[in-house]
Protein chains: 2
Amino acid sequence: MNKNIRIADVARAAGVSTATVSRTLSNPAVVGVETRARVMAAVEATGYRVNTAARDLRQRRARSILVLAPNLANTFFGRIIATIQEVAGSAGLSVQVSDSRAEAGRIEALGHDGRADGIILLDGSLAPEILARWRLPVIELCEWNTRATLPGLAIDNAAAARLAVDHLADLGHRKVLHIAGPEGNVLALTRREGFLAGSATRGLDASVAAGDFTMASGARAARDWIALPDRPSAVFAASDECAFGFIAECHRMGLSVPDDVSVVGFDDVDFADHYIPALTTIHQPRVRLGRFAAQRLIAALTENRPLAPGRELIDAHLVVRNSTRAYQR
Amino acid sequence: MNKNIRIADVARAAGVSTATVSRTLSNPAVVGVETRARVMAAVEATGYRVNTAARDLRQRRARSILVLAPNLANTFFGRIIATIQEVAGSAGLSVQVSDSRAEAGRIEALGHDGRADGIILLDGSLAPEILARWRLPVIELCEWNTRATLPGLAIDNAAAARLAVDHLADLGHRKVLHIAGPEGNVLALTRREGFLAGSATRGLDASVAAGDFTMASGARAARDWIALPDRPSAVFAASDECAFGFIAECHRMGLSVPDDVSVVGFDDVDFADHYIPALTTIHQPRVRLGRFAAQRLIAALTENRPLAPGRELIDAHLVVRNSTRAYQR
DNA sequence: TCCTGCGATGTAATCGATTACACGACGTCG
DNA sequence: CGACGTCGTGTAATCGATTACATCGCAGGA
């Protein structure tokens, strides 16, 4: 394996110094035209590639960003990560991914080992002590820990929840149920509060069921819901998955959506449009979220300045499909 | 920012040489007990972390593996990547991800820039010229280019397709349709061939429609299918997404699955079990695939030997749910 | 007593690229 | 004609950890 093509080899082949080769590659303008051509030819001939470890060491940067998410298998994160990778890739940065639920020591090391220049954090439940010890720019995306105050970006979850409530109210529903997300999750909390606030404004009879974003919890909520004496006619689930679980369980129990109950989801995952019935849901602009976060972080890194502090909220909107309909009777 | 805690600082604090600190951290056994304790205390006190760029440079390795996939947002890849990350993480390796459809030069650089020690490739459509120039161990997972001969791991797609056909035949279906994957894709080809071979064995009347794994192509196939004079009573789609698209479109056109047509998918994505109807499909053991590939690569890396050549096929199985039923009339 | 061997530690070369600084050649301007 | 600036290039220090080799002290055997 002849990986040992060093910059010195190229320099020798071109009859120049290593400094000149390095300059030719990173800042061609300062090198004489003829020399530049000779060096380029030598690079071509030798098949030289920079050794990034050496460059990273010298420049004290890793040209890499780290994305931390609680569940990499999650569809929702998939597209965000893909977008981040795209933006980073075209800026010459590589993207590494890691599960934020790993052992605390390992997580903490990620912010110290010099393998990444910055972190995009998709998990609001990480201990603030860990975040505090990181010495890297961190941007929180989609969710965050209320105790910490890092730069962040997310959709306006409360406003989005109100959109869902308004839609149901407009359809004539008076008794509505929210299947919440897990306790302690900021997103879940904000959506729940948005739901309750919106319901109050519209004078709806609102109640909340426990949930945790999963399909299983949606199914569980459906079984509880069906047993109620005076069932709400509309449901707002804290996630699409949860909504799917609810709908599937209703179906199993012989009830139909939207004929027997209207359902609104949250996220607008890819399947939402192809589920039966196609799901009315809050659309989260995942590509925008991913892109904005990546751009913000990368801009700070390349301009070598700290991340602008502050949390930014962007609008989500409601996509009306077939899982909701006007209240009957 | 006091990131400049070098090994020398620890050495000074402990009153030893940098060599001793390094040894204490990487090979404690060779260091005297008392010295070891002093060094550990100094490490603790200073908050020292190794600089991986320096270590990587010296040791000529990156402690990182690269996962290349054509579409990181794809649910199917999500879980595989998550599993790879898990295995790699506990071996102390980091995982970087990149989109294999990026510009060729960028892709090629990934195998040269020293940022990764090995590659797990989830894309069978990459030009073999590029693979050939990489100087890293590569393992192809799930699909591969027939022209290249790299170590690989996948399920036995032909056998899996035959399972699907057998299931439909057992249910009494005599006329079956396969919605194929994209032209030129090895997976698509193998599944199609398995379908045709299985149909021949069982004496079924088999036909094939074009597709490309997407929901849109499934929907398209549904519209073509419904227009047929003598419609096949069962469909085997080359992917779950495609099956969902087919089912959703049938639904829109007023037909029901499985009452009017039985559908078998391929992959067993998370939603398959919660779709309406729950999808009968081929289960791909994604966790096993990811784990095996990661373990095989990591073992080769840590033992510093080349990857064992050869392609390995593992079994998939059929999961029978509600999208298939016995042929009526 | 002297030599050998071993365990613990230090010294310094090394990995490969970047870059501050120095230098020489050449042109311009007073 | 000399001073000075500019441009292109080379020399060598530097990033921070690892590790081959040297060194030292001491125990045990001849």
Side-chain angles (χ1 to χ4, degrees), chain A residues 1-40 42-43 46-64 92 109 112-115 117 135 304, chain B residues 1-40 42-43 46-64 92 109 112-115 117 135 304:
Chain A
M1 202 166 291
N2 57 340
K3 282 254 302 191
N4 33 3
I5 310 163
R6 302 187 309 290
I7 198 169
D9 301 322
V10 180
R12 200 170 318 115
V16 298
S17 74
T18 61
T20 300
V21 176
S22 175
R23 281 188 286 250
T24 308
L25 262 26
S26 58
N27 189 9
V30 304
V31 180
V33 211
E34 195 206 332
T35 316
R36 199 190 309 165
R38 268 214 323 286
V39 171
M40 286 312 205
V43 166
T46 52
Y48 168 76
R49 307 271 163 176
V50 290
N51 177 315
T52 49
R55 175 209 267 162
D56 290 352
L57 172 59
R58 180 62 226 246
Q59 298 190 327
R60 296 146 149 278
R61 54 192 303 210
R63 289 158 191 277
S64 169
H112 281 292
D113 64 5
R115 263 152 142 152
D117 295 325
R135 301 215 165 286
N304 200 28
Chain B
M1 201 167 289
N2 58 340
K3 281 256 301 196
N4 32 2
I5 310 162
R6 300 188 309 291
I7 199 169
D9 301 323
V10 180
R12 201 171 316 116
V16 298
S17 73
T18 60
T20 300
V21 176
S22 176
R23 281 189 286 250
T24 308
L25 261 26
S26 57
N27 190 9
V30 304
V31 181
V33 210
E34 196 207 330
T35 316
R36 199 189 310 166
R38 270 216 320 287
V39 171
M40 286 312 207
V43 166
T46 52
Y48 168 76
R49 306 273 164 175
V50 291
N51 176 313
T52 49
R55 175 208 268 161
D56 290 352
L57 173 60
R58 180 64 225 243
Q59 297 190 328
R60 298 145 147 277
R61 52 190 304 204
R63 291 159 190 277
S64 170
H112 282 291
D113 64 4
R115 262 151 144 156
D117 294 326
R135 301 216 164 282
N304 200 28

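Below, read A as the first sequence line, B as the second, and so on, with proteins coming before strands; counting in each chain starts at 1.
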Inset, instruction - Report yes if a side-chain nitrogen or oxygen of B/S17 is closer than 4.0 Å to either non-bridging phosphate oxygen (OP1 or OP2) of C/dT9; otherwise report no. - result: no
Inset, instruction - Could you check how far CZ of B/R60 sits from C1' of D/dT18, rounded to whole Å? - result: 13 Å
Inset, instruction - Ignoring the backbone of A/A19, work out which of D/dA12, D/dG16, C/dG10 is nearest its side chain. - result: D/dA12
Legend entry - Minimum-distance pair of heavy atoms, taken over all atoms of A/L57 and B/A54: CD1-CB, 3.7 Å
Inset, instruction - Please state how far atom CG in B/D9 lies from atom C1' in D/dA17, giving the value in whole angstrom units. - result: 13 Å
Legend entry - Residue mapping more 5' on DNA chain C - nearest nucleotide basis, B/L57 or A/R23: B/L57
Inset, instruction - Would you please confirm or rule out a distance under 4.0 Å between OP1 or OP2 of D/dC15 and any side-chain N or O of A/R58? - result: no
Inset, instruction - Check the distance between D/dT19's P and B/I7's CD1 and give it to me in whole angstrom. - result: 11 Å
Inset, instruction - Would you classify A/V21 as touching base, sugar-phosphate or nothing, given that sugar-phosphate means primed atoms plus P, OP1 and OP2, and contacts are heavy atoms under 4.0 Å? - result: nothing
Inset, instruction - Give, for atom CZ of A/R23 and atom OG1 of A/T35, the distance between the pair rounded to the nearest 0.5 Å. - result: 10.5 Å
Inset, instruction - Report which part of the nucleic acid B/S22 touches: base, sugar-phosphate, or nothing (heavy-atom distance under 4.0 Å, all strands). - result: base
Legend entry - Nucleotide nearest B/A54 (side chain, heavy atoms from C-beta), chosen from D/dA17, C/dT9, C/dA17: D/dA17
Inset, instruction - Please confirm whether the backbone N or O of A/S22 pairs with a side-chain atom of A/S26, one donor and one acceptor, at under 3.5 Å? - result: yes
Inset, instruction - Identify, with sequence neighbours excluded, every residue that meets salt bridge (charged side-chain N to carboxylate O under 4.0 Å, His left out) alongside A/R38. - result: A/E34
Inset, instruction - Using atom types as modelled and distance alone, determine if a side-chain donor or acceptor of B/R115 lies under 3.5 Å from a backbone N or O of A/R63. - result: yes
Inset, instruction - May I ask you to evaluate whether A/R55 reaches the phosphate of C/dT18, defined as a side-chain N or O under 4.0 Å from OP1 or OP2? - result: yes
Legend entry - Under 4.0 angstrom between A/Y48 side-chain N/O and C/dA17 OP1 or OP2: yes
Inset, instruction - Would you kindly give the CZ-to-C1' distance between A/R38 and D/dG10, to the nearest whole Å? - result: 13 Å
Legend entry - Euclidean distance, atom CZ of residue B/R12 to atom C1' of D/dG16 [Å, nearest integer]: 13 Å
Inset, instruction - Look at the side-chain N and O atoms of A/Q59 and state whether any lies under 4.0 Å from the OP1 or OP2 oxygen of D/dT14. - result: no
Inset, instruction - Find the distance A/R6:CZ to C/dG16:P and express it as a whole number of Å. - result: 5 Å
Inset, instruction - Check the distance between C/dT9's P and B/N27's CG and give it to me in whole angstrom. - result: 13 Å
Inset, instruction - Report the distance from atom CG of A/D56 to atom C1' of D/dG16, rounded to the nearest whole Å. - result: 13 Å
Legend entry - A/T20, nearest nucleotide to its side chain (from C/dG10, D/dG10, D/dT18): D/dG10
